[in-house]
Protein chains: 2
Amino acid sequence: MDDNLVFRALADPTRRLLLDLLFERDARSLSDLESHVEMTRIGVMKHLRLLEAAGLVVTRRFGREKRHYLNPVPIRLIHDRWIDKYTERRVAALVNLKKTLETTK
Amino acid sequence: MDDNLVFRALADPTRRLLLDLLFERDARSLSDLESHVEMTRIGVMKHLRLLEAAGLVVTRRFGREKRHYLNPVPIRLIHDRWIDKYTERRVAALVNLKKTLETTK
DNA sequence: TTGACAGGTAACTATTTGGTTACCTATAGT
DNA sequence: ACTATAGGTAACCAAATAGTTACCTGTCAA
């Protein structure tokens, strides 16, 4: 699982949207995903290929469908690269505080 | 703090190396960072500018030096976007297992 | 067995991005 | 005062990237 592939895959807003869709609901086909994005099917396919190469998405064929699943492991590895056990609590608390402030604003 | 800036900032290997250096030790000057990277000072400066714009690095001037500090909050937000409280334990455990296997290999 | 649907390949184009050189500004120390 | 050091701006170039159209393959269902 190459680092670079993961970060490059995450760099595009369309690909992040695809991950959002899969986070919301797994096992989507290409056509399903395509219908949620303003883009050609081919465009979506190329994005999914990159996400799969990065290990962020895994796929399985069902007849003529190819279903897509989100794999959160590479995301966690990003986290662990720059947030160690000691700072994790502090950062998480800070983020939660920030979220609380934003929702009550 | 724009999403897109963060992800684009993380997409480049040199910028990730800079974050690694700051993770290892904070408060580094541009010249310090430059000495660890095979690149012109200007190249490093442009990378740092992007990291700063993304909020991944914060800076403070001391005389003629500009010191750079790692800000882990945007990294945590990436994590929280695709890993919810329920799957976090599972994923963290999986990652730890993976790390254990790799170190004893 | 034919038509419709789901997915895939190839070739091309416009834009973005990473990096350079050349030149400029500000602070420290002797 | 002046020289070395730390940082900054502008203009430019080569390579990578996101997206397109046109065409091809495989599977389901009547």
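Atom-to-atom, CG of B/L48 to P of D/dA6 comes out at 15 Å; the value is rounded to the nearest Å. In this structure, the CG atom of A/D12 is 13 Å from the P atom of C/dT16, given to the nearest Å. Rounded to a whole Å, the CZ atom of B/R64 is 13 Å from the C1' atom of C/dT25. In this structure, CD1 of B/I42 is placed 13 Å from C1' of C/dT25, rounded to the nearest angstrom. Look at CG on B/L10: it is 16 Å from C1' on C/dT17, rounded to the nearest Å. Rounded to an integer number of Å, the gap from CD of B/E65 to C1' of D/dA4 is 14 Å. The interatomic distance linking A/H68 (NE2) with C/dG7 (P) rounds to 7 Å, in whole Å. Rounded to a whole Å, the CE atom of A/M39 is 6 Å from the P atom of D/dT20.
With hydrogens and angles ignored, the 3.5 Å screen pairs no side-chain donor or acceptor of B/N71 with any backbone N or O of B/V58. Side-chain N or O atoms of B/R15 include one that pairs as donor or acceptor with a backbone N or O of B/R8 at under 3.5 Å.
Within 4.0 Å (heavy atoms only), A/R67 reaches no atom of the nucleic acid at all. Here A/R61 lies in heavy-atom contact (under 4.0 Å) with sugar-phosphate atoms only. Contacts of A/G63 with the nucleic acid, taken as non-hydrogen atoms under 4.0 Å apart, involve only primed sugar atoms and P, OP1 or OP2.
Between A/H47 and the phosphate of D/dG19, there is a side-chain N or O to OP1/OP2 separation shorter than 4.0 Å. Listed pair A/T40 / D/dG19 fails the phosphate criterion, with no side-chain N or O lying under 4.0 Å from OP1 or OP2.
Closest approach to the B/K66 side chain among C/dG8, C/dT9, D/dG7 is made by D/dG7 (side chain taken as heavy atoms from C-beta onward). Taking every side-chain heavy atom of B/T14 into account, C/dG19 is the closest of C/dG18, C/dG19, C/dG7. Closest to the side chain of A/R15, out of D/dA18, D/dA22, C/dG7, is D/dA18. Nearest nucleotide to the side chain of A/M45, out of C/dG18, C/dG7, C/dT20: C/dG7.
B/A9 and B/L51 make their closest contact through CB-CD2, 4.1 Å (heavy atoms, listed as atom of the first residue, atom of the second, distance).
Residues A/R25 and A/D32 are paired through a salt bridge, judged by an N-O separation under 4.0 Å between the basic side chain and the carboxylate.
Place A/R41 and A/R8 on DNA chain D by their nearest nucleotides, and A/R8 ends up nearer the 5' end.
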Distance-only criterion, 3.5 Å: show the donor-acceptor pairs between side-chain atoms of residues 74-81 of chain A and protein atoms not counting sequence neighbours.
unit_1, atom_1, unit_2, atom_2, d
A/R76, NE, A/D80, OD1, 3.4
A/R76, NH1, B/H79, NE2, 2.8
A/R76, NH1, B/E88, OE2, 3.2
A/H79, NE2, B/R76, NH1, 2.8
A/D80, OD2, B/K99, NZ, 3.2
A/R81, NE, B/D20, OD1, 3.1
A/R81, NH2, B/D20, OD2, 2.7

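Below the 3.5 angstrom threshold, one finds a donor paired with an acceptor across the side chain of B/K46 and the base of C/dG19.
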